[in-house]
Engineer: 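Sharing a structure, written as structure tokens. Questions coming.
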Amino acid sequence: MPDLPDHKTDAAARAEEAAGPGEPETEAQRRRRRAQFLRDLAEARALRDRVQPRRAKAARLRHAMRMRTFRW
């Protein structure tokens with residue numbers, strides 16, 4: 001959406017500043033950025049589970065059923 005401000009996490013902003021506009025990011029910067037993304041994703045999922053407990057329970061039950069019927 002063009003009218004929304006561009007929100008960057010602190011880690012993403014620092015990584016972009018360190019790499020500069022034309023320099024490729026290092027492996028450590030990529031891993032740091034990925035770790036921050038995964039932390040944010042886990043936090044968002046936890047928040048969604050707290051806000052929608054019925055949907056979270058149904059998702060847990062569906063996942064358990066999938067795992068029970070999965071063949072190795």
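Quick note: numbers below take in every heavy atom, side chains included, and nothing from hydrogens, waters or symmetry partners. We're numbering straight along the sequence, starting at 1.
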Engineer: Are more than 12 heavy atoms, taken from residues, nucleotides or ligands other than E27, located less than 6.0 Å from that residue's CD atom?
Structural biologist: yes
Engineer: Rounded to the nearest 0.5 Å, how far apart are CZ of R34 and CG of L41?
Structural biologist: 10.5 Å
Engineer: If the test is side chain to side chain donor-acceptor pair (under 3.5 Å), which one of R32, R33, R30 qualifies with E25?
Structural biologist: R33
Engineer: For R45, give me all partners under salt bridge (charged side-chain N to carboxylate O under 4.0 Å, His left out), at least two apart in sequence or on another chain.
Structural biologist: none
Engineer: What residues, two or more places apart in sequence or in another chain, satisfy side-chain contact (heavy atoms from CB on, under 4.5 Å) together with R68?
Structural biologist: A64, M65
Engineer: Can you confirm whether the side chains of R39 and Q36 place a donor and an acceptor under 3.5 Å from each other?
Structural biologist: yes
Engineer: With sequence neighbours excluded, give me every side chain to side chain donor-acceptor pair (under 3.5 Å) pair touching residues 57-66.
Structural biologist: H63-R66
